[in-house]
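Okay, so here's the structure we're looking at.
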Amino acid sequence: MLPAPPPDFRLVGVEPGPSLKSARKVKLVAAAVAFFVGLLAAFHLDWVTVGLALALSLGAVVIVQRSLGPVLGRERLSEARMSIVPWGVLVHDEPEPRVLHWGAVRQVSVACVHEMDHATPSTRWSVVKIRTERETLGGRAPGDVALERLEAHVDRYAAEAARPLSLDLDGSTDVELVFEPVVERLLGEARRLLRSGVLDERLALSPRSYRHPGSVPLPETRGVLTEVLRGGLAHRADPRALAALLAAELGESELLEELLSLTTSPHPLVAAIARASAFWLGGDVKRVGALDELSDFVPAADIGLLRAWLQEKAA
């Protein structure tokens, strides 16, 4: 099974719309004010004046309705302020954000409200709905939102994010059943594999010298790691995080682009390790993204270990 195309967004924020009751009140007040202003502006009442006042009232209602945007209260859903990120949804309806992993999301749908601008169609609003097993959450955002991949692949993202990480490049050993936190075990295993020479043949590594332990990557090394980083998820455990750490430890800076493609992986630990590995190889934070962005989806201990690893590189 090939990985689904990773999410092509960093953050999409949506907000609740006005309630149906408040929207009706605002439009009623706007119509009444416009109507009476039209009447008062005239010196005497006649049918023309009344007609102009009614037209003014109708125009005011249209303008107010356009400024209010779509009202979600007509549908059976819970409106909430939400932050949609590559690893799930943060629902800001409580003192602390409620975290929805992709495994809890059944469907994502986006409906666009269009308008014509000088004969050119454009998207004025996007209405986003997140359906879980127990509820449907809704919100809206001005303009267009880049959620097409999420709409099409949310089920595949959930399956990918649920996969345990592997302690080998074949996906045969489940790290999460062996040790916690995960990053400590993965990093230790990556270094052990390089020191022991277990991967020398597979990765085409050449020994430095008998006086200097360790290995030097050859051109073939890059091809093997690229295959794993891009590769299919044919096994139960995901080997891409281990491959990212190996690439960093070997100093394979030419694999930076491959690591960047994993920084928005639906699997939060794969994304976090790919980001740290990209930083290790000289990646810029504007392209890589900060580790703090994953703090709601990755245990604090793992984030701390990745930071300590990067400080070790800086030292």
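The analysis underlying the following values was restricted to heavy atoms, covering all of them including side chains, and did not include hydrogens, waters or symmetry mates.
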Are the side chains of [Y] and [X] in contact, using a 4.5 Å heavy-atom criterion?
X	Y	value
His267	Leu165	yes
Leu205	Leu250	yes
Leu199	Leu246	yes
Gln107	Thr136	no

Indicate the atoms forming the closest heavy-atom contact of [X] with [Y], along with that distance.
X	Y	answer
Ala190	Leu242	CB-CD1, 3.8 Å
Ala244	Ile273	CB-CG2, 4.2 Å
Thr263	Ala271	O-CB, 3.6 Å
Trp102	Pro86	NE1-O, 2.8 Å
Val285	Ala290	CG2-N, 4.2 Å
Gly139	Val14	C-CB, 3.9 Å

How many angstroms lie between atom [atom1] of [X] and atom [atom2] of [Y], to the nearest 0.5 angstrom?
X	Y	atom1	atom2	value
Arg275	Leu259	CZ	CG	12.5 Å
Arg163	Leu269	CZ	CG	14.0 Å
Leu291	Asp302	CG	CG	11.0 Å
Leu256	Glu254	CG	CD	10.5 Å
Glu79	Glu15	CD	CD	11.0 Å
Arg236	Ser172	CZ	OG	10.5 Å

Fill in the blank from the handout: Result for side-chain contact (heavy atoms from CB on, under 4.5 Å) between Arg202 and one of Asp170, Leu193, Thr221 points to Asp170
Practice task
Please check if atom CZ in Arg98 has more than 12 non-hydrogen atoms from other residues, nucleotides or ligands closer than 6.0 Å.
Solution key: yes
Practice task
Apply side chain to side chain contact (heavy atoms under 4.5 Å, CB included) to the pair Leu203 and Leu225, showing each step before the final yes or no.
Solution key: CA-CA 8 Å; Leu203 294 182; Leu225 291 176; 4.0 Å; yes
Handout entry: Those residues that, when tested against Glu133, pass side-chain hydrogen bond (donor to acceptor under 3.5 Å, both in side chains) (two or more places apart)
Key = Arg106
Handout entry: Residues that Ser166 engages under side-chain hydrogen bond (donor to acceptor under 3.5 Å, both in side chains), provided they are two or more places apart
Key = Asp168
Practice task
Without swapping roles, check the side chain of Ser265 against the backbone of Val270 for a donor-acceptor pair under 3.5 Å.
Solution key: no
Practice task
Without swapping roles, check the side chain of Thr264 against the backbone of Pro7 for a donor-acceptor pair under 3.5 Å.
Solution key: yes
Handout entry: salt bridge (charged side-chain N to carboxylate O under 4.0 Å, His left out) partner of Arg222, the single match among Glu258, Glu257, Glu252
Key = Glu252
Practice task
Could you go through the side chain to side chain contact (heavy atoms under 4.5 Å, CB included) check for Val288 and Leu260 one step at a time?
Solution key: CA-CA 6 Å; Val288 177; Leu260 289 173; 3.6 Å; yes
Anything under 3.5 Å between a donor and an acceptor, one on a side chain of residues 143-155, the other on a protein residue two or more places apart or in another chain? List them.
from   : atom 1 : to     : atom 2 : distance (Å)
Arg149 : NH1    : Pro6   : O      : 2.6
Glu151 : OE2    : Val110 : N      : 3.1

Problem - Leu11 and Ile84: CA distance, side-chain angles, deciding distance, side chain to side chain contact (heavy atoms under 4.5 Å, CB included) verdict - result: CA-CA 6 Å; Leu11 170 66; Ile84 305 170; over 6 Å; no
Practice task
Identify, with sequence neighbours excluded, every residue that meets ring pair (Phe, Tyr, Trp, His ring centres under 6.0 Å) alongside Trp87.
Solution key: none
Handout entry: Sequence-distant partners of His92, ring pair (Phe, Tyr, Trp, His ring centres under 6.0 Å), two or more places apart
Key = none
Practice task
Just do the side chain to side chain contact (heavy atoms under 4.5 Å, CB included) check on Asp296 and Val85 with the steps written out, would you?
Solution key: CA-CA 11 Å; Asp296 290 304; Val85 293; over 6 Å; no
Exercise for the section: May I have all residue pairs that pass ring-ring contact (aromatic ring centres under 6.0 Å, His included) and include part of residues 272-291, sequence neighbours excluded? Expected result: Trp280-Trp309
Problem - Asp284 and Lys286 ion-paired at < 4.0 Å - result: no
